[in-house]
Amino acid sequence: MPAAKGYTWRPPARRRRWRCPKAQELADLAGEGSVTANVDAVALALLDSGGPVLAGVAMTRPASALRVREALAGGAPGFTAIQEAIAGYLEAERKLGRVAETVAPGTVALAVVGTAHHLLMTGWPGTPDPRPQLTRLVAALLGPPPEEGPAR
């Protein structure tokens with residue numbers, strides 16, 4: 001949508017809500033369930049959240065890609081918000097002793113979100129399902145849970 005001179009186009013407020021509610025809820029899951037399963041659920045939600053349609057539109061219509069960039073610049077949550085949610089969750093789990101000290105939350109979050117983005121941008125109908133690749137990546141990045149220390 002072209003903006004009038006001197007104004008910046010911003011998406012309507014209804015477009016600024018979270019597109020991946022699983023990421024928004026992640027902070028509340030610290031200490032519950034499996035860390036790997038919790039992160040994997042968010043990663044897989046990225047593939048199911050309308051991202052494939054948006055990626056296809058952005059790749060075939062340059063004006064649409066510009067609108068997406070403008071919306072993100074205007075405050076719409078995007079991959080960065082999801083990356084921050086995953087990193088924050090992993091940091092909380094590390095403080096609880098459920099993630100190894102050797103795991104770098106920000107790096108894991110970047111790898112998961114970056115890989116999801118790559119899979120969205122390179123997949124098309126007829127290609128293998130990308131979900132197993134993403135699930136294996138999450139498991140490899142997080143590794144086994146740390147061993148529990150002596151009972152307290």
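Only heavy atoms go into these numbers, but all of them, side chains included; no hydrogens, no water, no symmetry mates. Quantities reported herein were computed from a predicted structural model and do not represent experimental measurements. Residue numbers start at 1 and run along the sequence shown.
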Only one of V138, V35, V112, L137 forms a side chain to side chain contact (heavy atoms under 4.5 Å, CB included) with D40, so which one is it?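 Answer after filtering V138, V35, V112, L137: V138.
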
Nearest heavy atoms of [X] and [Y], plus distance in Å:
X    : Y    : answer
P146 : G97  : CG-O, 3.1 Å
R94  : V103 : NH1-O, 2.7 Å
P105 : A87  : CB-O, 3.5 Å

How far does [atom1] of [X] sit from [atom2] of [Y], to the nearest 0.5 angstrom?
X    : Y    : atom1 : atom2 : result
L134 : T115 : CG    : OG1   : 6.5 Å
L29  : Y89  : CG    : OH    : 6.0 Å
L46  : Q83  : CG    : CD    : 11.0 Å
E32  : L96  : CD    : CG    : 10.5 Å
S34  : R98  : OG    : CZ    : 7.5 Å
L26  : I82  : CG    : CD1   : 10.5 Å

Quick one, L142 and L90 - any side-chain contact, counting heavy atoms below 4.5 Å? yes

In the structure I gave you, are the side-chain heavy atoms of P130 and L47 within less than 4.5 Å of one another anywhere? yes

Give the C-alpha distance, both sets of side-chain angles, the deciding distance and a yes or no for side-chain contact (heavy atoms from CB on, under 4.5 Å) between V39 and L141. CA-CA 11 Å; V39 173; L141 290 171; over 6 Å; no

With a 4.5 Å cut-off on side-chain heavy-atom distances among I, L, V, M, F, W and Y, is there a chain of contacts connecting L110 to L120?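 No; L120 is not reachable from L110 via cluster members.
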
